[in-house]
Structure formats: C-alpha cells, structure tokens
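The next block holds one structure in the form of structure tokens; read it before the comments.
By convention in this document, chain letters (A, B, ...) are assigned in the order of the sequence lines, proteins followed by strands, and residues within each chain are numbered from 1. This is a predicted model, so every value here is computed, not measured. When reading the values below, keep in mind they use all heavy atoms of this one structure, side chains included, and skip hydrogens, waters and symmetry mates.
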Number of protein chains: 2
Amino acid sequence: MASTPQQSDGPVRPRGPRTRSRASHSLESVLAGAVEILDESGAQGLTIRALATRLGGGVASVYWYVSGRDELLDLAADSVLAGVLEATADVGGGDPIEDIRTIALTMFDAIVDRPWLGAYALRDTTSQIHSLQLYERIGEHVMRLDLTPRQTFHATSAVVGYVIGTAADLGQEPPAAVVSGEVSREEYMASAAAQWRALDAADFPFIHHILDEFDGHDDRDQFLGGLDLLLAGLRLQAQG
Amino acid sequence: MASTPQQSDGPVRPRGPRTRSRASHSLESVLAGAVEILDESGAQGLTIRALATRLGGGVASVYWYVSGRDELLDLAADSVLAGVLEATADVGGGDPIEDIRTIALTMFDAIVDRPWLGAYALRDTTSQIHSLQLYERIGEHVMRLDLTPRQTFHATSAVVGYVIGTAADLGQEPPAAVVSGEVSREEYMASAAAQWRALDAADFPFIHHILDEFDGHDDRDQFLGGLDLLLAGLRLQAQG
DNA sequence: ACCTGAACACCGTTCAAGT
DNA sequence: ACCTGAACACCGTTCAAGT
C-alpha cells in the first residue's frame, strides 16, 4: 500500500527553469503524506522528520502549514473523515435509527481500516471541520426522533462516544508489537484467550462464562452488539 | 486526589550507615511516583527522567521495575483502578442493571478525577490485573440477567467501551493548553460554544438545535444520558 | 539483586538566512 | 510567501560498571 517514493532525482529535466532544488508543498500534500505514513507505521511512525523526507524537503517547512505535530495528527485524521462523509451522504431513506446505525457502522469500518484514526478523530471540532460535519449529520438523524434538545444532544454524543471509544480500543496495538510486525493481532488475541483460560474459574466466573465467545470473536459483531443495545434504548426513548 | 507517596524511607532507623548515596525503590514506589507526576502534569509530563528525579535516583534504575515507558503507563493506570475495585466491592444489593450503573459511574468519576486514566485503563488485561478484575466484576452483574454467553460478552464489553470511550474523550485536553494552564477547560468550552453559534444555521441545524444544551452542560449528566440509553437497551434484551 | 553515569540515537521546534 | 540547514533542548533506552 505504500505510495511510490516520489523520489526527486536531482536537477534533471532538459530545459525550463524547473530547478527542483526547492520543494513545494501545500496543506493537502502535507496531510496526504502524513496519512500515508500513518497507514504504514501508525502514529508512532509519524515524525516530522519522516514526513519532511517523504515530501522531499526540510523539516521546518512542515511548520508553515501546521502549528506542530498535534495539529498535524488532528488535521490528518480529519481529512480522512471526508471519505466517511461522502460515503454516508445518501443515507436517509428510511427509519432514522436504521440510518444512524448505518453511519455509525461506516465510521467504525473506517477506523478499523486505519487504527490510528480512533485516537484523533472527533477530538476538536474547532479545528476539525469534517468531524463537526459528521457529528452534525448523525445529529440530524437523531433530530428526526422528535426528542427534547437535551435528549437529542445526549443521544448523539453517546453514539459518537461509543463508536470512537470502541474503535479506539480495538485500534490499540498490544504493548509494542503489531507495528513492528513481531506479533500479529491474531496471535495476541489467542495468547490473551489462553491466559484467560488459565485463570481460576472460582475467581473469574464471568471470564470463563464468555471465554468461548471471546476466543476468535469478530470485532465487528462485538461492536454491533453494543451499538444495537444503545439504539434499542434510544428507540424506546423515542416511543415515549 | 493523589494518593500519599508511600515513601519507603530506606533500611530505616536504628543507627547504621544511612549514606543516602544509593537510592532504593520498589515497584510500588515507582508506580506511586508515576501516578503523582501523572496527576500533576498528565501523560506528557511523565518522562523517565522526571520520574527518576522524583525518586531520587538515576534513570536506568526505573528499567529494573518496568520494561519501558509504555508498561509504566499501563501499570500506573492499573494501580489506580485498585481504588475503583475497592469502592465497588460492596455493590450488588439490588437490581443488576442498577448495580452495573453504579460501577460504571464510579469508573467514570475516577477518570474525571484523573483524565490521563482514560487512555491507559483497561488496555491490556494480560498485564493489567485490576483492569481484568473490574471487567470481571461488571461481567458478573451482567451474568445475573441470564442472557446467552454471547449477549453477556457483548453487553459487558459495550458498557466498558462506553465508559472508557466517553471518559477518555472528556479527559482529552484541548490542543495544547490545559496542562500549561494557559486556557481553562471552561474557557475552551465557552469558545467552542461561541464558534458553534457562529455557524450558519442552515448548514448546521442540529448544532443550533442543541447549542443551549451544549453550552454549560455537565459532563456527568451527558455521560449518564448515554449510559441510561445503553442500559435501557440491555434491560429490554433481558426481558425479551 | 539492584543501582549509577554516561553515552547513543533519536525526537519536536525554532530561527536566521535564503529565494 | 514559502523553503532551508543547522542548532537547541529535550527525549527513551542501553550498558558497562559499580555496590
């Protein structure tokens, strides 16, 4: 999935000024480069130096477009949410709760695809315009339920909080492993299951009760299980 | 709210050499020191060097007790959950869902007290024993609802995911401010509300619909609003 | 068994200077 | 307006050496 290095091969080219000695960026190219690095090596791999190298320029030029590493992460995450926004633009045909579910699931899938997203999406709506629009979009569907403003506010925040929270949790690599490729997520989950199995059943009746469900479970099913509880509660509230 | 340092004052008293030239730690004192720093300056402030200085020793000695900074954060967070475990030991008198609500709220309050907790609590049950026990405890109450193992697994994970997700979100400082004390959380929220108010009402009908609720809202109420939706859905499932 | 000082290999960020 | 190289002030982690 890595993009080609975009190697600037010196001051080549026959005629024309095009010296190439000086790199030229834009906010879009900076964020696109950041997203590439994030996809390849996670948040830890996104250093300003690595980004500058990928862009073929010096470190300091990044700071022309972005105030620092934190803002870079926020904006890179937010830029990706444009895709979720687009993918959910048409949602709205039927049952409001069904529509909310569809949007939430699209968000979840986007974060599963890019685990680093969970920690930086929807963090600061004053700088993250797409995050704000996504919040707005979910909220508009919740409004269709004719609750009070307060209920509408709480329900929308709960859905967003649940999605981000659950997805961020899943996106977290086990203590230093996955990125370096030493341990796959499957191996890690299997070892966790084994460790649970070794626990004393008298001390951990619940863990043993759900062990077979945990072992080899599908993250998406787990996410949907909780989401549907939340939405069932919401439907109940909407019915009065 | 920080616990007392639990200062181990060396191979104490009687007489003896007491040179003080050599520091002496323990895993407990290392974690206690880490928690102090986290309470004072957040995760960003917890550097190995700052911790070593607080302990009165050299940097390298920290690595005798902990494999690295990540594990330090995980263990420090988990050590604090011992308090939540203790505080919820007696819960269990009445309605299972009411009990789940009580435990979830206690967790939430603990994270509000220590915003750094949200990002590191319940991350890795193989190294975080208290996290595992808390998960177990909530699960035991869910078991009382007589659902299928799969439903029990999903419901417990959903509650934990919602608590951690929501609390972690609230615990996030606005882009570089709060820790340094430049901008208070109140000021930040007020400015966010002002910015929302400035949005075009045609483009953001939902935001305007909930603006008065958002402005000056209480985080705890918001948390409970969503939690009660989730629990209502769970109750419905238990009755079904 | 546990602690230390010093070193290594990085970081984010700034700034005077260039174009 | 935008880019650069070099410097500053940090980091986490390791390791040979001490006790």
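Listed candidates were C:dC3, D:dG12, C:dT13. Nearest to the side chain of B:Ile48 is D:dG12. Of the candidates C:dT13, C:dC3, D:dC3, the closest approach to any side-chain atom of A:Arg69 belongs to C:dT13. Of the candidates C:dT4, C:dG12, D:dC2, C:dT4 carries the atom nearest the B:His25 side chain, counting heavy atoms from C-beta on. Comparing atom distances between the B:Val59 side chain and each of C:dA6, C:dG12, D:dC11 picks out C:dA6 as nearest. Taking every side-chain heavy atom of A:Arg49 into account, D:dA7 is the closest of D:dC11, D:dC2, D:dA7. Closest to the A:Ala60 side chain, of the nucleotides D:dT4, D:dG12, D:dC15, is D:dT4.
The pair B:Arg123-B:Asp78 does not meet the salt-bridge criterion, since no charged nitrogen lies less than 4.0 angstrom from a carboxylate oxygen.
Between A:Leu51 atom CG and D:dC3 atom C1' the separation is 14 Å, expressed in whole Å. Per the geometry, CG belonging to A:Leu55 stands 14 Å off C1' belonging to D:dC2, to the nearest Å. Atom pair B:Leu46:CG and D:dC10:P shows a separation of 17 Å (rounding to whole Å applied). Distance A:Trp64 CH2 to D:dC3 C1': 10 Å, rounded to the nearest Å. Rounded to a whole Å, the OH atom of B:Tyr63 is 17 Å from the P atom of C:dC8. Rounded to whole angstrom, the span from the CD atom of A:Gln44 across to the P atom of C:dC10 amounts to 14 Å.
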Exercise for the section: Step by step, work out the side chain to side chain contact (heavy atoms under 4.5 Å, CB included) result for B:Glu140 and B:Ile138. Expected result: CA-CA 5 Å; B:Glu140 287 176 14; B:Ile138 295 173; over 6 Å; no

Exercise for the section: Mind running side chain to side chain contact (heavy atoms under 4.5 Å, CB included) on A:Tyr65 and A:Leu72 for me, showing each step along the way? Expected result: CA-CA 9 Å; A:Tyr65 296 97; A:Leu72 176 65; over 6 Å; no

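Under 3.5 Å, the side chains of B:Ser157 and A:Gln222 contain a donor-acceptor pair of N or O atoms. For the residue pair A:Asp215 / A:His217, no side-chain donor-acceptor distance below 3.5 Å is found, with atom types taken as modelled.
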Practice task
Give the dot-bracket string for DNA chain D, reading 5' to 3', where a pair is Watson-Crick or G-U wobble with both distances under 3.5 Å, ( ) marks pairs inside the strand, [ ] marks pairs crossing earlier ones, | marks a partner on another strand, and . marks unpaired.
Solution key: ||.|||||...|||||.||

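Remark: side-chain polar atoms of A:Thr88 are paired, donor with acceptor, to backbone N or O of A:Val84 under 3.5 angstrom.
Distances shown here put a side-chain N or O of A:Ser61 below 4.0 Å from the OP1 or OP2 atom of D:dT4. Proximity of A:Tyr65 to the phosphate of D:dC2: no side-chain N or O atom is located under 4.0 Å from OP1 or OP2.
Using cut-offs of 30° and 60° for the angle between ring planes, the B:Tyr135 and A:Trp196 rings count as tilted.
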